[in-house]
2 protein chains.
Amino acid sequence: MLEQTKVNIIDQSNEALLDQMGLKKTKLRLELVKHFKDAKHAQSYSDLKQIMGEGVDKSTLYRNLSAFEEVGLIHGINDHSGITKYALGASPSAGQEHAHFVCESCETVYCVKGMTEIQMKVPSGFKAKNIQTIIRGTCANC
Amino acid sequence: MLEQTKVNIIDQSNEALLDQMGLKKTKLRLELVKHFKDAKHAQSYSDLKQIMGEGVDKSTLYRNLSAFEEVGLIHGINDHSGITKYALGASPSAGQEHAHFVCESCETVYCVKGMTEIQMKVPSGFKAKNIQTIIRGTCANC
DNA sequence: TTATAAATGCAACTGAGTTGCATTTAATTT
DNA sequence: AAATTAAATGCAACTCAGTTGCATTTATAA
């Protein structure tokens, strides 16, 4: 078994990456991975559809996003908009949390790594496994 | 103009509360406020529908939730489930942040006040206005 | 008590995401 | 290289949360 958390996503070729994740290398998947690597902010379904081409099937795209998320290649972010956005990297887990910045003006979502420090206690009887932080505000482009 | 943040929600009668918020005191609204005060965890549309009675109209309920949220009587919480849940109190804003605890087993959402301390820096050019934290784990009942 | 602006009820709609199924394709086997 | 097969795709139909338009009713102010 492969330890996904130890795979360095950015340094791998797109092909190697899909191989390691046990995913077949289809044209769309390669394009998706490439795009996620370049993306400066989190991508919604419609962002991706626009970039991958309008001909791309909805189910196929969504199924690939799910597949990518399952293996930890990307992670979904749920802000107040109700539209899930995806960004490269596994879901932030214990020890490697990162926050998400949502711009209130353009609704763009950015991953903000290593800039938040969260100390949490939970009521007795509760067990915390992971933490997700969403910062709302105005981004550099707005 | 009334400063909503200074209104102490719990100490007021339901009637006075709606008055102060500039909302008409309808039967459903009074029941809703009452229920929100008693609720031990955040409420979804279907939680509320069940409690308010199946006869309650969907639009009416949703419109009341929006109205309550707008005046800061309740705040919506968006976890990974895609179903918005609501809890008493204005949206956590600067200085009075609180976290939300989502139970991975029963999907119940709790507000956790005064137990998290978050220090955040954001990249230059970004301006943070408020912060929302979701802790995932197992609750005391599971 | 009357006027009126807001709240309700209903039905129809929107839009994100899912599912079933037949077809195609990437990867494996011989 | 050809045959096999399990997974990926494309399509249509569906689900489900939440919204909207509009006619009717109700809370509140005059």
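In what follows, chains carry the letters A, B, and so on, assigned in the order in which the sequence lines appear, proteins first and then strands, with residues in each chain numbered from 1.
The shortest distance between the side-chain N/O atoms of B:Tyr62 and the OP1/OP2 oxygens of D:dT19 is not below 4.0 Å. Between A:Thr26 and the phosphate of C:dT25, there is no side-chain N or O to OP1/OP2 separation shorter than 4.0 Å. One finds a side-chain N or O of A:Thr60 lying less than 4.0 angstrom from the OP1 or OP2 phosphate oxygen of D:dG10.
Between the side chain of B:Arg63 and the base of C:dG9, at least one donor-acceptor pair of N or O atoms lies under 3.5 Å. Under 3.5 Å, the side chain of A:Ser59 and the base of D:dA12 form at least one donor-acceptor pair of N or O atoms.
Closest contact between the side chain of B:Arg29 and the listed nucleotides D:dC11, C:dA7, D:dG18 involves C:dA7. When the nucleotides C:dG17, D:dG18, C:dA26 are ranked by their closest atom to the side chain of A:Lys24, C:dA26 comes out on top.
Atom CG of A:Leu18 and atom NZ of A:Lys25 lie 8.0 Å apart (nearest 0.5 Å).
Within the 4.0 angstrom heavy-atom criterion, base atoms lie near B:Lys58. Looking at heavy-atom distances under 4.0 Å, B:Thr84 makes contact with sugar-phosphate atoms alone, never a base.
Residue-to-nucleotide proximity on DNA chain D shows that, of A:Val56 and B:Tyr86, the 5′-proximal contact is made by A:Val56.
When all heavy atoms of A:His98 and A:Cys111 are compared, the closest pair comes out as NE2-SG, 3.6 Å.
The environment of A:Glu15 atom CD is dense: over 12 non-hydrogen atoms of other residues, nucleotides or ligands sit within 6.0 angstrom.
A:Ile134 and A:Val109 fall within the same hydrophobic cluster, defined by Ile, Leu, Val, Met, Phe, Trp and Tyr side-chain heavy atoms under 4.5 Å apart, directly or through other members.
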